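Note on naming: letters A, B, ... go to the chains in the order of the sequence lines (proteins, then strands), and numbering restarts at 1 for each one. The model shown is predicted, which means the values in this text are computed figures rather than measured ones.
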Amino acid sequence: MAKELTSRAENYSQWYNDLVIKSDLAENSSVRGSMVIKPYGFAIWEKMQAALDKMFKETGHQNAYFPLLIPKSFFSKEASHVEGFAKECAVVTHYRLKTDENGKVVVDEDAKLEEELIIRPTSEAIIWDTYKNWIQSYRDLPLLINQWANVVRWEMRTRLFLRTTEFLWQEGHTAHSTREEAIEEAELILDIYADFAEKWIGVPVLKGLKSPNERFAGAVETYCIEALMQDGKALQSGTSHFLGQNFAKAFDVKYVTKENKLEYVWATSWGVSTRLMGALVMAHSDDNGLVLPPKLAPIQVVIVPIYRKPEQMEAIRNKVDVITSNLKARNISVKFDDRDTFKPGYKFAEWELKGVPVRLAIGPRDLENETVEVARRDTLEKEVLQMEDIAEKIEHLLEKIQDNIFQKAFSFRDNSTFYVDTWDEFKIQVEKGGFMWAHWDGTPETEQKIKDETKATIRVIPFDGKGEAGKCVFTGKPSERRVVFARAY
RNA sequence: CGGGGUAUAGCGUAGUCCGGUUAGCGCGCCUGCUUUGGGAGCAGGAGGUCGCAGGUUCGAAUCCUGCUACCCCGACCA
């Protein structure tokens, strides 16, 4: 294992890359733009999945699975949807390989598909084509389906977790009988996402609407949660779309009302992806490595023995067995690092790099005094505690850590949030990073011009935005409320 | 897709300009002994089609031609 991590101050983006690789979350694969998620990283993703999946099910959603390959013609049905994704679709054109005269494997040109298949960049098309058959009556509604899947978007430039060619996500697709109910659904999901981000990942988020420029292709309204990373850039962390009747009309999905009238259904779609892993890494970690929120850490407590002789190790092991079973009884995941091939100092550094929230060290001194050294990853503080009720103390400590990293991220965001009223201020602040609450005249043209000049976009039109009126920071035209600008990932 | 760069062991690199013994070093890996409260030390060892394909030459990691892949900066994006 390499010893040094690039520091955040030195090169934030290098730090992020180093950290993801060195902490064993993921690595680049031999496939352009696609990563291998390694067991340690995947364990975190599985915990995210489990928590979200539970929340979806508790709110009446069911999981299903739809095909990876989508006939090309399906994409031409919703015009703005195609336009949004056309430039980044992988296309399957043949179904067979053969060996040529030089012994090389080549595509068999005789095996050309009648109609090309698109590897899903998102599943609206195939799902709405299916829903057409599932929905006839108001009794079939609402239809609340979620899918855990992989999708492919042929991005120009990729970064581990933040943007990869193939990524894992969940996508919810719901159908409703009224506009109001669909909007309610989109908002409900947004609340779930925000809750998950804050209570599990420990990342505070702003909730609100996207501006028209940033809206999902085919949506009437896009809701989002937006987080702020340590380098002052924003990360869109989840989106929930109110699709109106766009997809119902494109795929001809109608239902009969109680009054025996034929109506198009109302729709939503919503998703979060492995990008959340990127948010997790960038929000809390430091120059020593990952800092994982206890609720998502694959290993919550690691125990490092300190010993010289085999007899000491045995005495420690006996003590550790007791602690371990007490912790497990409280649903706390523990690892006893009894590898005899590494010294304690090495192990301390390694588990720090991997972000394990709590580390216990037990040596001869502790056995003698009935104590244990407890180190917390978030603050790097160490203290020696009495062994009595240790499991309970650790359980409380984990809660405290979960809370502390959220608070820390919250005050970071607070200190990186600015009210900006003039264009000069805007241009200066944008270089420093952070969320900028500014007035905007509401036109896509102005947003585009601001983006062209500063690379900053409207990240979110927040729900809790103060209703105060003002003048657009760029054009000086009247504005009803402030919106949040930032440079984004 | 535009601009720039790189390709040598699992990883990071020296050597390339100016061709010449057996391609060197660090990390990691293997074996042994000593070590263990913040990234151990010593000794020994294994590991290389020098990105691919041609060419020049007595001789190519090094020079020439073509190809490929990857990285960085833009435009695009969850």
Side-chain angles (χ1 to χ4, degrees), chain A residues 1-6 11 13-14 17-18 21-22 27-34 83-89 102 104 121-122 149-159 161-171 193 210 213-217 219 222 224-227 234-241 269-279 288-289 304-310 312-313 316 337-353 359-369 371-373 375 380 382 384 451-452 455 457 459 488-489:
Chain A
M1 183 171 313
K3 292 181 181 171
E4 288 303 323
L5 197 61
T6 307
N11 184 341
S13 133
Q14 184 72 46
N17 271 326
D18 283 3
I21 290 167
K22 288 182 180 164
E27 65 187 30
N28 281 307
S29 71
S30 359
V31 185
R32 193 208 82 121
S34 298
E83 205 183 309
F85 288 103
K87 283 172 284 181
E88 50 189 43
C89 285
N102 304 319
K104 278 192 176 167
T122 176
N150 56 341
V151 288
V152 167
R153 295 184 190 173
W154 215 261
E155 303 287 355
M156 292 302 179
R157 293 184 58 194
T158 58
R159 293 193 65 194
F161 289 118
L162 298 174
R163 181 169 305 109
T164 47
T165 301
E166 176 185 356
F167 59 94
L168 305 182
W169 75 348
Q170 60 70 216
E171 44 180 329
Y193 285 166
K210 281 293 184 196
N213 287 10
E214 300 282 322
R215 201 176 279 155
F216 175 73
T222 288
C224 70
I225 52 170
E226 203 73 21
L235 185 75
Q236 178 175 310
S237 308
T239 48
S240 175
H241 315 289
S269 73
W270 28 275
V272 294
S273 70
T274 36
R275 175 178 254 202
L276 287 178
M277 296 284 294
N288 296 314
V304 176
I306 292 150
Y307 62 98
R308 281 167 212 276
K309 303 169 203 149
Q312 290 174 324
M313 180 55 172
I316 292 167
D337 186 357
D338 60 355
R339 291 175 296 175
D340 61 0
T341 45
F342 296 100
K343 290 174 60 171
Y346 180 92
K347 294 177 182 176
F348 291 169
E350 182 179 346
W351 294 116
E352 236 154 59
L353 177 63
R359 184 189 72 228
L360 306 183
I362 302 179
R365 259 190 345 237
D366 299 297
L367 291 180
E368 213 171 294
N369 305 327
T371 57
V372 56
E373 182 191 86
L380 295 171
K382 289 193 286 197
V384 176
K451 184 180 180 183
D452 293 343
K455 293 186 201 159
T457 50
R459 300 318 307 158
Y489 275 96

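- Annotation: B:rC64 and B:rG19 have their P atoms spaced 11 Å apart (nearest Å).
- Partners of A:Ser240 according to the side-chain hydrogen bond (donor to acceptor under 3.5 Å, both in side chains) rule, which considers only residues two or more places apart in sequence or in another chain, do not exist here.
- In this view, A:Arg153 satisfies the side-chain hydrogen bond (donor to acceptor under 3.5 Å, both in side chains) rule with no residue, not counting sequence neighbours.
- For the pair A:Ser273 and A:Asn17, nearest-nucleotide mapping onto RNA chain B gives the more 5' position to A:Asn17.
- Across all strands, A:Asn28 comes closer than 4.0 Å to no nucleic acid atom at all (heavy-atom distances).
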- Query: If pairs are Watson-Crick or G-U with both distances under 3.5 Å, what is the dot-bracket string of RNA chain B, marking crossing pairs with [ ] and pairs to another strand with |?
  - Reply: (((((((..((((......[...)))).((((((.....)))))).....(((((..]....))))))))))))....
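- Taking the P atom of each, B:rC1 and B:rA61 are spaced 34 Å apart, rounded to whole Å.
- Judged by atom type and distance alone, A:Lys382 reaches the base of B:rG38 through a side-chain donor-acceptor pair under 3.5 Å.
- Among the nucleotides B:rG37, B:rA78, B:rG38, the one closest to any side-chain atom of A:Arg275 is B:rA78.
- Ranking B:rU36, B:rA75, B:rG38 by closeness to the A:Lys455 side chain, first place goes to B:rA75.
- Base contact: A:Arg359 has a heavy atom under 4.0 Å from a base atom.
- Judged as a side chain to side chain contact (heavy atoms under 4.5 Å, CB included), and not counting sequence neighbours, the contacts of A:Asn213 are A:Ser211, A:Pro444, A:Glu447, A:Gln448.
- Ring-to-base geometry places A:Phe167 in a stacked arrangement with B:rA78 (centre distance under 5.5 Å, plane angle under 30°).
- With sequence neighbours excluded, the residues that form a side chain to side chain contact (heavy atoms under 4.5 Å, CB included) with A:Ser237 are A:Ile225, A:Ala227, A:Leu235, A:Leu276.
- Using a 4.0 Å heavy-atom cutoff across all strands shown, A:Pro305 reaches no nucleic acid atom at all.
- For A:Tyr307, taking side-chain heavy atoms from C-beta onward, the closest of the listed nucleotides B:rG38, B:rU36, B:rC76 is B:rU36.
- Look at the P atom in both B:rC27 and B:rC42: the space between them is 10 Å, to the nearest Å.
- Here A:Glu166 pairs with A:Ser34, A:Asn150, A:Val152 under the side chain to side chain contact (heavy atoms under 4.5 Å, CB included) rule; sequence neighbours left out.
- Of the two residues contacting RNA chain B, namely A:Thr158 and A:Thr164, the nearest-nucleotide position lying further toward the 5' end is that of A:Thr158.
- Remark: the backbone N or O of A:Ile306 is not paired with any side-chain donor or acceptor of A:Lys343 at under 3.5 angstrom.
- Spacing between B:rG48 and B:rG24 at atom P, rounded to whole Å, works out to 13 Å.
- Side chain of A:Asn369 to main chain of A:Thr371: no donor-acceptor pair is present (N/O by atom type, distance under 3.5 Å, no hydrogens or angles).
- Side chains of A:Pro305 and A:Gln312 form no contact here, defined as non-hydrogen atoms less than 4.5 Å apart.
- Rounded to whole Å, the C1' atom of B:rG38 lies 37 Å from the corresponding atom of B:rC70.
- Among the atoms of the strands shown, base atoms are found under 4.0 Å from some heavy atom of A:Leu162.
- Of all nucleotides listed (B:rG37, B:rG38, B:rC76), B:rG37 comes nearest to the side chain of A:Pro364.
- Set against B:rU36, B:rC76, B:rA75, the side chain of A:Pro344 has B:rU36 as its closest nucleotide.
- Backbone-only contact: A:Gln236 has heavy atoms under 4.0 Å from sugar-phosphate atoms and none from a base.
- Judged by atom type and distance alone, A:Glu352 reaches the base of B:rG38 through a side-chain donor-acceptor pair under 3.5 Å.
- Judged by distance alone with a 3.5 Å cut-off, no donor-acceptor contact links the side chain of A:Arg308 to the base of B:rG37.
- Rounded to a whole angstrom, the distance from the P atom of B:rA69 to that of B:rU31 is 40 Å.
- With P as the reference atom, B:rU8 and B:rG12 are 8 Å apart, rounded to whole Å.
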